[in-house]
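The shown structure was predicted, so the numbers you read here are calculated from the model rather than taken from an experiment. For ligands, and for the atoms within them, numbers begin at 1 and follow the listed sequence.
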Amino acid sequence: MSNRQNCDSGSLSPLELYERVTTQGDKVRSLKAAEAPKDEIDTAVKLLLSLKLMYKATTGEGYKAGSPPTDFTPINNAPTLAEDDDFVDPWTVQTSSAKGVDYDKLIVRFGSSKIDKELINRLERVTGQKPHHFLRRGIFFSHRDMNQILDAYENKKPFYLYTGRGPSSEAMHVGHLIPLIFTKWLQEVFDIPLVIQLTDDEKYLWKDLTVERAYEYAVENVKDIIACGFDINKTFIFSDLDYLGMSPGFYKNIVKIQKHVTFNQVKGIFGFTDSDCIGKISFPAIQAAPSFSSTFPQIFKGKEDIQCLIPCAIDQDPYFRMTRDVAPRLGYPKPALLHSIFFPALQGAQTKMSASDPNSSIFLTDTPKQIKTKINKHAFSGGKDTIEEHRKYGGNCDVDVSYMYLTFFLEDDDKLEQLKQAYTSGALLTGELKKVLIETLQPLIAAHQERRKQVTNEMVKQFMTPRKLAFEF
Ligand code: TRP
């Protein structure tokens, strides 16, 4: 679907790159001043050098402190990907490493910021809540402007949450729960409005589906989303095929975005080619628009300046780099972002899961028996071939999919750490580790199925009706 040759790995504007170099330079200086450990300084210097190289590749000129680039038009197709680099865009995730994508490199390439201890501590301080285990374990690992959001929260300035889901099939798998579980947590912690977009139009454009079928999938997926426990008084869920036709606010923002992004820019960001249909080429504006509060006049009383926070998997970042690039030109605030790593396929972390391969993932509709069989049969193991070798050398948690899944779903930090040590030392066998995962997932999925059963058509309709939420603006 995507075109590698055409795809610019960074897609950062010269100005954004310039800002990254400046910030990194400051960081190196302060590390040196603080006489930080040598390896820490070396890592920071390395990053600074690679950012400077990217700046030069993009602008054609060397970085000069104090003189930002004057031409802000991003130059496409530079810098290019090295052969062994991971490839990540909204449609393809590829890496040659069994450990999965190198996320630190991705942060540099995408120009986002790492969610470090300092930010997590600040979040805890400001909200008074224990940080979610997705934060503590680096599952949400990268962000843009999260400090601004915490400033807003401290100053009692309003903001809202936006996330979404592409309904490519009826069946959702456990990986799809990650952003939803985290968004629900954020909604509870901050007590703010949430909008959830179902891009049935996107799936119609990219997949072999009728419009009617795409919409049906959207409604089925909405039931799973509702089953995650979102507050009906604080959440608006919409299908593009549905809401676009009834919301002038939404459409006005789409055309505003379309006017400010060129074909060249989306080619650079998404790898579109001349033979892609024009629906695809203009779609990014539709995913961008909900980042602006005026897309939802019924919720925000027409206010245009309420900032948005978007939790999503990192592969969605290209949409929001584009959004952040146009926002100032429209006089809107840039959305802030929280990025998650990918949920690995049962077969290993080289790729993200696919809803079309039933054995690559655990579905929300799987029975306890199916869960057990799939994990026992298909979950890639970091254990050794024989019990003797395993006892002697131990297993490798870095590539073991059962262990990875437990980092997502086993909330107890101490238990997780014990499992890691026992597995690494060889005391715990693969079959035993798998058993823990099976016993973690079976009740979790059964509970989800129970909650989904309680979701009525009437509830779906309510969630999907454009309306005021329980907040005054
Ligand atoms: N394009 C996303 C997908 O295919 C769906 C989506 C739309 C989304 N808007 C979003 C995801 C905002 C995260 C945040 O799954």
* Pairing residues for Asp201 by the side-chain contact (heavy atoms from CB on, under 4.5 Å) criterion, not counting sequence neighbours -> Thr199, Asp240, Leu241, Phe283, Ile286
* Asked: Can a donor-acceptor pair be found between the side chains of Glu304 and Ser293 at a distance below 3.5 Å?
  -> no
* Answer yes or no: are there more than 12 heavy-atom neighbours, outside Tyr204 itself, under 6.0 Å from its atom OH? => no
* To do: Kindly tell me which protein residues have any non-hydrogen atom under 4.0 angstrom away from an atom of ligand 1, grouped by chain and ordered by number?
  => Tyr162, Thr163, Gly164, Arg165, Gly166, Gln197, Thr199, Glu202, Lys203, Gln287, Ile310, Cys312, Gln316, Phe320
* Asked: In terms of heavy-atom contacts, does CG of Asn155 have more than 12 from other residues, nucleotides or ligands at under 6.0 Å?
  -> yes
* To do: Is it possible for you to check whether Arg144 lies under 6.0 Å from the centre of the six-membered ring of Phe320, through NZ or CZ, and within 45° of that ring's axis?
  => no
* Measure from NZ or CZ of Lys267 to the centre of the six-membered ring of Phe263 and say whether it is under 6.0 Å with the direction within 45° of the ring axis. => yes
